[in-house]
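The structure under discussion appears below in the form of structure tokens.
Each residue takes its place number in the sequence, starting with 1. Any value given below was found using the heavy atoms of this structure, including those in side chains, with hydrogens, waters and symmetry copies removed.
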Amino acid sequence: GGGLYVIGLASSNRRVEDLGLHTVESVALGDLITASIKIVAGRARPYASKDNARNFGFFRGLKSDDYKSFPSGHATSAFAFASVISAETSHWWPDTRWIVGPVLYGAATLTGVSRIYNNQHWASDVLAGAAIGTLTGIKVFRYQHSHPDNRLDRKLLRAGVSVSNTGSIAPVLSVIRR
């Protein structure tokens, strides 16, 4: 996401800049939610409690990484990234949704499966992380597109948007210097 944002800035490509910024927002927000839940839930990782998937302890996540299994942060990040990229590209090019979505969500799923395979998470950790990431990404996308002139976009996107008298949104082609 950060790389996309920098590429968009360097090339004055508003779409790529927008995509990078919204991806970073989604991943950061999803990770914040996930980190908070991990600390409170205090679920033991599979390698720490091999036979007990119900090993939760209130605020035990403060003690050790061994008790920060639920939900999966890697799955949250992967699905947040996938959902924003998929939503943005489907918004710009509707015919691509049947290519971009399955590829991105498939890669995000492989991220979650690898966490289970490597004995870092239970399947329910990955499912919860996937849900948080997907919902966060969709909410960020919807908010940013329903509020195109929000404070964050005004501050961080060099090429702004213009709202016409009819209420339609159009990208400004010139670069705004600050």
Side-chain angles (χ1 to χ4, degrees), residues 1-6 16-91 96-147 150-153 155-156:
L4 287 171
Y5 179 73
V6 169
V16 175
E17 193 178 348
D18 179 76
L19 186 62
L21 177 61
H22 297 160
T23 301
V24 169
E25 287 177 72
S26 175
V27 170
L29 183 60
D31 287 349
L32 180 67
I33 293 166
T34 297
S36 301
I37 296 170
K38 281 178 177 282
I39 290 169
V40 174
R43 186 180 201 182
R45 293 189 183 270
Y47 65 79
S49 181
K50 296 184 188 328
D51 297 328
N52 187 4
R54 296 183 183 138
N55 190 351
F56 287 86
F58 204 54
F59 283 102
R60 193 168 54 175
L62 289 170
K63 293 180 184 176
S64 166
D65 190 54
D66 292 349
Y67 301 103
K68 291 182 181 176
S69 185
F70 181 82
S72 169
H74 286 82
T76 299
S77 297
F79 278 88
F81 183 85
S83 63
V84 168
I85 301 282
S86 181
E88 292 279 1
T89 55
S90 293
H91 179 71
T96 65
R97 78 181 62 217
W98 301 111
I99 298 167
V100 175
V103 169
L104 290 172
Y105 281 108
T109 300
L110 288 176
T111 300
V113 168
S114 75
R115 301 299 290 164
I116 296 168
Y117 179 79
N118 289 320
N119 214 24
Q120 296 295 311
H121 288 288
W122 304 97
S124 56
D125 300 338
V126 171
L127 289 173
I132 292 167
T134 301
L135 292 173
T136 303
I138 290 169
K139 286 296 187 182
V140 166
F141 170 78
R142 288 182 180 169
Y143 177 81
Q144 296 299 0
H145 286 277
S146 64
H147 300 86
N150 65 71
R151 182 181 304 156
L152 196 59
D153 281 1
K155 183 79 173 161
L156 296 175

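- Taken from CZ in Phe70 to CG in Leu127, the straight-line distance is 9.5 Å, to the nearest 0.5 Å.
- Put simply, CG on Asp18 and OH on Tyr5 are 10.5 Å apart, with the number rounded to the nearest 0.5 Å.
- Among residues two or more places apart in sequence or in another chain, the side chain to side chain contact (heavy atoms under 4.5 Å, CB included) test is passed with Leu62 by Ile39, Phe59.
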Run the numbers on Ile132 and Ile37 for side-chain contact (heavy atoms from CB on, under 4.5 Å), then give the verdict.
CA-CA 11 Å; Ile132 292 167; Ile37 296 170; 3.9 Å; yes

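- Side chains of Ser77 and Asp31: a donor-acceptor N/O pair is present below 3.5 angstrom, by distance only.
- Ile33 is not listed as a side-chain neighbour of Thr76, based on a closest heavy-atom distance of 4.5 Å or more.
- Across all non-hydrogen atoms, the minimal contact from Ser83 to Gly133 is OG-O, 3.6 Å.
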Would you list the atom pairs, donor with acceptor, under 3.5 Å between side chains in residues 40-50 and any protein atom, with sequence neighbours excluded?
from  : atom 1 : to     : atom 2 : distance (Å)
Arg43 : NE     : Ala53  : O      : 2.9
Arg43 : NH1    : Ser124 : OG     : 2.7
Arg43 : NH1    : Asp125 : OD1    : 2.5
Arg43 : NH2    : Ala53  : O      : 2.6
Arg43 : NH2    : Ser124 : OG     : 3.4
Arg45 : NE     : Asp65  : O      : 2.9
Arg45 : NH1    : Gln120 : O      : 2.9
Arg45 : NH1    : His121 : NE2    : 3.4
Arg45 : NH2    : Asp65  : OD1    : 3.4
Arg45 : NH2    : Lys68  : O      : 3.2
Tyr47 : OH     : Asp66  : OD1    : 2.8
Ser49 : OG     : Asn52  : O      : 3.3
Ser49 : OG     : Asn55  : ND2    : 3.2
Lys50 : NZ     : Tyr47  : O      : 3.4

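- Minimum interatomic distance between Thr89 and Thr96 (heavy atoms only, all atoms of both residues): O-OG1, 3.5 Å.
- Expressed to the nearest 0.5 Å, how far OG1 of Thr111 lies from CD1 of Ile116 amounts to 11.5 Å.
- Of the possible polar contacts, none joining the Ser26 side chain to the His22 backbone as a donor-acceptor pair under 3.5 Å is found.
- Listed here is the closest heavy atom pair of Arg115 and Val126: CB-CG2, 4.5 Å.
- Distance CZ/Phe81 to OG1/Thr134: 13.5 Å, rounded to 0.5 Å.
- At a threshold of 4.5 Å between non-hydrogen side-chain atoms, the residues Glu25 and Leu21 count as touching.
- Using the six-membered ring where Trp is involved, Tyr143 and His147 have ring planes that are parallel, under 30° apart on the 30 and 60° scheme.
- Ring geometry for Phe141 against His91 counts as perpendicular: the plane angle is over 60°, on a 0 to 90° scale with 30° as the lower cut.
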